[in-house]
Protein chains: 2
Amino acid sequence: MTRNNAGLSADRIITEALRIIDGQGLRRLTMRRLGDALDVEAMAIYHHFPLGKEQLFEAIVAHISDVSGGSPGDADAESGEVGPGGEDGAAGGAGEPSDSRSWDERLRTWALDYRRALLDHAQALPLFIHRRPDTEAALRTRELHYAAFAEAGLGGADAVQAAAALDSYVTGAVIHEVRANGLPARDPAVVDGRFPHTAALSGIELDPRRRFTDGLDSLLASLRP
Amino acid sequence: MTRNNAGLSADRIITEALRIIDGQGLRRLTMRRLGDALDVEAMAIYHHFPLGKEQLFEAIVAHISDVSGGSPGDADAESGEVGPGGEDGAAGGAGEPSDSRSWDERLRTWALDYRRALLDHAQALPLFIHRRPDTEAALRTRELHYAAFAEAGLGGADAVQAAAALDSYVTGAVIHEVRANGLPARDPAVVDGRFPHTAALSGIELDPRRRFTDGLDSLLASLRP
DNA sequence: ACCTGAACACCGTTCAAGT
DNA sequence: ACCTGAACACCGTTCAAGT
């Protein structure tokens, strides 16, 4: 009922936008709908994101990408949805208790956390193709990767190549996992005869997480100099 | 000037849609603009794609995904843009002159062709995340992969896993190659000190195609049983 | 069968105005 | 500083109508 000061903030907007994306899909995130969900006129959003929807999209990508890469145990839960809101802020400085795990263990943790974050917001994935977060958190992640590879004995172009391979792997694996999750299982009459290998292998399903970790292990092994 | 029968066809619509996407970006592909480019009222498109834009998007994904996977020599040209229109039709049956090259050579050719197709239409990449073509051509590609892996000695779950890894690799590598092509090269003052590894490696650029083939070779080697 | 024209229920964004 | 309200130039899609 109060006309002004609705308690809007960039964080609240991002969280609500993500809820709409996760629940209804990317195309249904409109400024008007987002405004409604925030109990605010759509135009109020422009006060926090003056550059409009594109700026909001970038903030969403940055938000999802901001996985801690820490906490050794947390990466094992195959939870469906993670509670929103609590993952920012704390422990932001440069003085974390420097990680004592091996370089590959740290990268494994990051990869699993990042995969989970992407899967939890799979509807937002199209935003990631032409956008890369330009934030402190993104820099921390890069530093984490390069530091790990340095410890593994990779420097210079080798480290850059390795980091690219790791990033490519997680992205590609998640997209493969998400792509057309329910393919209509093509008419077997068409398959019969002309596509014998495909027919023979149809119906084989692999545990997605297992496949991810297997591929990841294989990649990390191949990077070891 | 003639009112009716403008010579519209699904193929012409797809080609023109792709031209708009490549030239102006995905969001600027609208039914009205597409109609204008085709010298037709926007609503005419619905006669060829009754399910509307979503059906058009699926057709575009299928069109781009339809790389022959044949012609051993063609994959080496790092051409910027390939002439549209000529890549369908011919040699569609099941009776191609069965490929005599080794299994990994055939997969390499497919991967390079597919990478080129994706790069040539990078603006369409967001469409690929939640859509997988359900066409004969897609089945042919799957069969090609499984046949190659069978020849390599991989069967059952191993072949499925290998095909997934190959698909993931190409997708992930292309997206990495395309993602935020012009990052503004972050303020070096911020980088200084707190991110030493990142600072040390900044400015290192690798030849994208070389990186792709190196990673591909490494993947194929790791799949060999 | 193939395309048009008008109409409907939306969009993102600007801009002046309110408090 | 923070939000509203009206307005502008668009959207995708339906539906009846033309040829």
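Every heavy atom of this structure was used, including side-chain atoms; hydrogens, water molecules and symmetry mates were not. Protein chains get the first letters and strands the later ones, always in sequence-line order, with residue 1 at the start of each. Values in this document were obtained by computation on a predicted structure and should not be read as measured data.
In this structure, of dG12(C), dA6(D), dT13(D), it is dT13(D) that holds the atom nearest to the side chain of M31(B). Distance from the side chain of A44(A) is smallest to dT4(D) among dG12(C), dT4(D), dT13(D). Listed candidates were dG5(C), dC3(D), dC3(C). Nearest to the side chain of L8(A) is dC3(D).
Using cut-offs of 30° and 60° on the angle between ring planes, the pair F149(B) and H145(B) is perpendicular.
At a threshold of 4.0 angstrom between heavy atoms, the contacts of R33(B) are confined to the sugar-phosphate backbone, with no base atom among them. No contact: L38(B) has no heavy atom under 4.0 Å from any strand. Heavy atoms of L29(B) sit under 4.0 angstrom from primed sugar atoms or phosphate atoms, though from no base atom.
H47(A) has no side-chain polar atom (N or O) that falls below the 4.0 Å cut-off from OP1 or OP2 of dT4(D).
dG5(D): Watson-Crick or G-U partner is dC15(C), with both key distances under 3.5 Å.
To the nearest angstrom, P of dT14(C) lies 16 Å from CZ of F49(A). The NZ-P distance, from K53(B) to dG12(D), rounds to 4 Å in whole Å. Atom CG of L26(B) and atom C1' of dG12(D) are 15 Å apart (whole Å). Summarising the geometry, the separation between CD1 on I45(A) and P on dC3(D) is reported as 11 Å, rounded to the nearest angstrom. Remark: P of dT14(D) and CD of E41(B) are 17 Å apart, rounded to the nearest angstrom. In this structure, M43(B) atom CE and dA7(C) atom C1' are separated by 10 Å, rounded to whole Å. One can place CZ of R28(B) at 12 Å from P of dG12(D), the figure rounded to the nearest angstrom. Whole-Å rounding puts the Q55(B) CD to dT13(D) P distance at 11 Å.
Salt-bridge annotation for D120(A) and R116(A): present, with a side-chain N of the basic residue lying under 4.0 Å from a carboxylate O of the acidic one. Under the 4.0 Å criterion applied to side-chain N and carboxylate O atoms, R19(B) and E16(B) are assigned as salt-bridge partners. Ionic pairing of E136(A) and R194(B) is present here: one or more N-O contacts between side-chain nitrogen and carboxylate oxygen are shorter than 4.0 angstrom.
When the nearest nucleotides of DNA chain C are assigned to V40(B) and R32(A) by heavy-atom distance, the more 5′-ward of the two goes with V40(B).
The six-membered or imidazole ring of F212(B) lies near that of Y169(B), with a centre-to-centre distance under 6.0 Å.
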